[in-house]
Amino acid sequence: MTHGSSDARRQPLHLFITTAGNNTHSVGYELHQKALDIRDGRKIDSSFLPVIYAAETEDDWTDPFTWAKANPSMGVTIPEDSLRRACESAQQNPTEENSFRQLRLCQWTQQAIRWMPMHIWDACSFPVSEESLIGKPCYAGLDLSSTTDITALVLVFPPTAECDKYQVLPYFWLPEDNIDLRVRRDHVPYDIWRSQGLFNVTEGNCIHYEYIENFIERLRQKYDIRELAFDRWGSSQIMQSLQDNGLVVVPFGQGYRDMSPPTKDLMRLVLSKQIAHGGNVVLRWMMDMSNKTLTHCYKGNIESLNGS
């Protein structure tokens with residue numbers, strides 16, 4: 001946008017200053033990523049001086065120490081009390097959280113309004129033991145992908161006499177040949193997650209549905225899967241095969257009619273800490289990403305949904 005506009009000057013100087021936002025396809029985000037790359041040594045550009053005052057992703061956004069990281073003049077030009085009042089308001093009203101983090105802490109977020117505040121989700125990081133769930137009844141949800149998206153299978157175990165929480169076991173897959181592309185395109189550490197054993201891969205550049213089907217059949221030998229909900233898109237063949245093998249399969253749409261009741265139930269269970277998800281990193285990232293979809297789906301009903 002400024003290339004060549006100052007070639008006539010011997011020592012041109014361009015200044016860019018901004019807070020963060022939620023559009024990761026914007027010019028601002030592109031410059032932010034360039035600044036990070038130069039600051040951290042991934043790129044070299046002697047004509048570009050990055051100066052970043054911002055909270056890190058893992059920082060506690062309610063901590064005054066975090067506020068100071070993003071506001072070096074706090075206590076001088078910005079009263080700490082004004083930040084405290086804004087933070088308290090955001091804690092009481094989840095719809096204000098992302099605005100506080102973007103404008104006060106310079107954190108890039110996935111959307112302007114957040115349906116599921118992530119600190120509430122993180123409070124349900126209770127440990128989940130796969131071995132303790134062997135033989136117990138559960139319900140599954142499957143979202144198939146084709147080439148570049150993640151295929152996800154999640155098992156949910158209802159509360160029993162020994163446990164008063166819904167326990168969650170997630171499984172994820174990506175095509176092996178597309179991981180590097182996804183890392184570069186999405187700026188998401190799929191390669192690291194793979195090395196940590198947080199998700200699996202299937203050979204080639206597309207998901208092998210037969211592999212997923214066989215994986216589900218192995219899980220059925222381990223857990224009592226009562227039903228499997230699935231997105232109708234691209235899943236008819238695998239669903240028919242699983243149904244022929246005795247598994248009860250239930251189609252589940254991605255629209256408001258099907259999504260509204262269970263997402264309200266999910267919010268209620270998370271708020272009451274009746275869910276245990278083990279703090280799975282990939283599942284957390286997916287929940288954070290899904291905030292954008294769910295926020296768009298419910299539009300102006302976010303506050304009433306949070307209160308349901």
Side-chain angles (χ1 to χ4, degrees), residues 1-59 61 66-74 77-78 82-83 86-87 90 94-118 147-150 174 178-193 284-300 302:
M1 60 185 171
T2 59
H3 290 209
S5 63
S6 56
D7 286 352
R9 295 186 176 274
R10 296 180 59 186
Q11 293 182 316
L13 178 65
H14 298 280
L15 297 177
F16 301 94
I17 183 170
T18 183
T19 54
N22 59 71
N23 183 1
T24 56
H25 299 287
S26 64
V27 173
Y29 185 75
E30 181 181 338
L31 286 173
H32 174 72
Q33 290 301 116
K34 180 178 180 180
L36 288 176
D37 288 340
I38 293 174
R39 184 196 68 179
D40 298 338
R42 292 186 294 270
K43 291 182 180 179
I44 297 175
D45 186 343
S46 59
S47 68
F48 192 107
L49 174 64
V51 179
I52 302 173
Y53 293 102
E56 301 295 335
T57 304
E58 65 274 11
D59 287 341
W61 63 277
T66 301
W67 309 342
K69 290 176 65 175
N71 299 274
S73 64
M74 187 176 75
T77 62
I78 302 175
S82 67
L83 288 170
C87 182
T95 62
E96 296 180 11
E97 178 185 333
N98 271 11
S99 177
F100 179 84
R101 297 175 72 165
Q102 291 167 10
L103 303 181
R104 302 282 190 164
L105 303 183
C106 292
Q107 286 184 322
W108 286 84
T109 64
Q110 297 298 331
Q111 61 285 320
I113 299 176
R114 181 180 293 268
W115 172 72
M116 174 69 74
M118 295 312 295
T147 55
T148 58
D149 290 334
I150 293 179
L174 270 177
N178 294 335
I179 289 181
D180 291 340
L181 171 64
R182 288 292 300 266
V183 171
R184 295 193 304 270
R185 189 190 72 181
D186 302 341
H187 304 290
V188 176
Y190 300 107
D191 51 346
I192 297 176
W193 290 346
R284 185 190 191 280
W285 172 77
M286 285 190 151
M287 175 56 70
D288 198 22
M289 291 293 291
S290 70
N291 267 317
K292 184 174 184 179
T293 302
L294 291 168
T295 298
H296 176 74
C297 178
Y298 290 102
K299 296 182 180 178
I302 301 298

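Bear in mind that the values here come from a model prediction, so they are computed numbers and not experimental data.
- Under the 30°/60° scheme for interplanar angles, the aromatic rings of Trp108 and His32 are found to be tilted.
- Between the side chain of Asn71 and the main chain of Ala68, no donor-acceptor pair closer than 3.5 Å is present.
- Using a 4.5 Å heavy-atom cutoff, the side chains of Ile78 and Ser82 are in contact.
- Nearest heavy-atom pair, Ala20 versus Cys106, reported as atom, atom and distance to 0.1 Å: CB-C, 3.5 Å.
- How far CG of Leu105 is from CH2 of Trp61: 8.5 Å, rounded to the nearest 0.5 Å.
- Sorted pairs that involve residues 22-32 and meet salt bridge (Lys or Arg N to Asp or Glu O under 4.0 Å), not counting sequence neighbours, are lacking altogether.
- Once rounded to the nearest 0.5 Å, the distance linking NZ of Lys34 with OH of Tyr29 reads 15.5 Å.
- Listed here is the closest heavy atom pair of Glu96 and Ala90: OE1-N, 3.6 Å.
- With values rounded to the nearest 0.5 angstrom, Leu13 atom CG is found 4.5 Å from Leu15 atom CG.
- Rounded to the nearest 0.5 Å, atoms CZ (Phe48) and CD1 (Ile38) are 5.0 Å apart.
- Remark: the backbone N or O of Ala54 is not paired with any side-chain donor or acceptor of Gln107 at under 3.5 angstrom.
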- Under the ring pair (Phe, Tyr, Trp, His ring centres under 6.0 Å) rule, what do Trp285 and Trp193 come out as? Steps first, then yes or no, please. CA-CA 11 Å; Trp285 172 77; Trp193 290 346; 5.7 Å; yes
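- Contact detail for Leu103 and Thr19: the closest heavy-atom pair is CD2-OG1, 3.7 Å.
- With rounding to the nearest 0.5 angstrom, the CE atom of Met286 is 4.0 Å from the CD1 atom of Ile150.
- Scanning both residues, Ser73 and Thr77, for their nearest heavy atoms gives OG-OG1, 2.6 Å.
- Ile52 contributes atom CD1, which lies 12.0 Å from atom NZ of Lys69 (distance to the nearest 0.5 angstrom).
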